[in-house]
Amino acid sequence: IATQITTFAGDTTSVLRRDFKFRLANGNQVEAAIISCPIEFDGQPARQLLIHDVTERKRMEAQLVQNAKLATVGELSAGILHELAQPLNIARMAAQGALRRLRRGDVQKDPSEHFELIESQMARMADVINHMRVFSRTEEPIDEVFDARNAVRSAVQLVKQSFAAEGIDIHIALPTRRILVNGRTIALEQVILNLLSNARDAINGMAEKRGDAKRTKRIDIGVRLGKAAREATVTVSDTGGGIPKHVLPRIFDPFFTTKPVGRGTGLGLPVCQSIIQAMSGDLVVENTDLGAVFSIRLPIHASSGTTADAGLATAEIGTALTGAGSTILVVDDEPEALQLMADFFEELGFDVRTASNGEEALRR
């Protein structure tokens, strides 16, 4: 504790608050909030510290975030199913076309384009599935440096098709340079998805209330730099008519919701605000003539614009994948998948061994 509280030494006038993790003498780890107040002691400036165990509160907050995340997945399920069904149908038609050519013995037309289409659509499906798997799982609150633009793109990709089916257009405005911030990509994406979902509800609610099916249904989302390039702002604006003035002061209050019973828990925005504050940022809202504008403000990471593109490393690994006589063990409990992977690596020059389960793999 003595080591940690030295962070307060440079400021002798402000009331400060910090969160720390401590390991007790019995080996248990606890999370504590330290509030430090300037006082005078024995005629000298000093500080009084209140150390409060917030381990249980942090655990409950993490569970709340996870519950909100799963609720978001449920609300977006229709759009996710569409994102999976579309490439699946394309791949199925491409496979049928290739089979017809092969059965007819049509050697004039190369079926490889069909197989390339199948491969690309399967990759598209895998991206959606992997993304939802990562998004849905309980994650440790480990900070990373990431590009805020990627969180915007991923969130919009998940909902764009389903929103379009409801007549809602999403317009994205992103800068050309990377916007690196500290935090968690999935956490920021969760906030953006929640704001997009709320915007959709507001737009549809306004159209239903006024009975105007032709009313402009548009969501604008973008990222911009501000305050001498030390802060990034992600904005989500809609044409849903805005938030009533009497509601605006309470919009981030827990369990406060304007949605009908069974449609909202009143936890979405409070959780979003908590997530952004944990990233040293802020989430605010204001009304415009057309609707509401939510702004996520996050501090810029010092290396923005200088960090190498993370995608290059993956590309370099992919080009180096050749067997050259090496032995590889392929393990899978699906016989078809096992055989396909074994054939794939054999064609690359590997000496392939196979196993259908973990125990067999250990023996091999």
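Values reported hereafter were calculated over all heavy atoms of this structure, with side chains retained and with hydrogens, waters and symmetry mates removed. Keep in mind the model is a prediction, meaning the values are calculated, not measured.
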With S237, which residues qualify under side-chain hydrogen bond (donor to acceptor under 3.5 Å, both in side chains), at least two apart? none
Looking at R297 and L283, would you say the former's side chain and the latter's main chain have a donor-acceptor pair under 3.5 Å? no
Group every Ile, Leu, Val, Met, Phe, Trp and Tyr by side-chain heavy-atom contacts under 4.5 Å, then state whether V284 and I296 land in the same group. no
Is the backbone N or O of N150 less than 3.5 Å from a side-chain atom of S154, with the two atoms forming a donor-acceptor pair by type? yes
With side chains defined as the heavy atoms from C-beta onward, is the minimum distance between L188 and F146 less than 4.5 Å? yes
Is the backbone of I243 close enough, under 3.5 Å, to the side chain of N287 for a donor and an acceptor to pair up by distance? yes
Any side-chain heavy atom of R47 sitting closer than 4.5 Å to one from S36? yes
Transitive ILVMFWY cluster of L329 at side-chain heavy atoms under 4.5 Å: who else is in it? V331
For E360, does the CD atom sit with more than 12 other heavy atoms under 6.0 Å from it, leaving out its own atoms? yes
Once side-chain hydrogen bond (donor to acceptor under 3.5 Å, both in side chains) is applied, do any residues pair with D332, and if so which ones, sequence neighbours excluded? none
Give a yes-or-no answer on whether the side chains of Q190 and N194 include a donor-acceptor pair shorter than 3.5 Å. no
Minimum side-chain heavy-atom gap L269-N198 below 4.5 Å: yes
Side chain to side chain, T233 and V223, heavy atoms closer than 4.5 Å: no
Is the closest side-chain heavy-atom distance between E189 and V152 below 4.5 Å? no
Please answer whether the main-chain N or O of T235 pairs with a side-chain N or O of R224 as donor and acceptor at a distance below 3.5 Å. no
Quick check: do L196 and F163 have side-chain heavy atoms less than 4.5 Å from each other? yes
Determine yes or no for a side-chain-to-main-chain donor-acceptor pair under 3.5 angstrom, with R364 supplying the side chain and T354 the backbone. yes
Does this structure show an ion pair linking R178 with D147, if we count only N-O contacts that are shorter than 4.0 Å? no
Under 3.5 Å, is there a donor-acceptor pair between the R218 and T239 side chains? no
Residues T185 and E144: side-chain donor-acceptor under 3.5 angstrom: yes
Side-chain donor-acceptor pair under 3.5 Å between D282 and Q277, yes or no? no
Under 4.5 Å between any side-chain heavy atoms of V285 and V293, yes or no? no
I'd like to know if the side chain of D53 and the backbone of T55 have a donor-acceptor N/O pair within less than 3.5 Å. yes
Crowded around E359 CD? As in, over 12 foreign heavy atoms under 6.0 Å? no
Are the side chains of F344 and V352 in touch, meaning some heavy atoms are under 4.5 Å apart? no
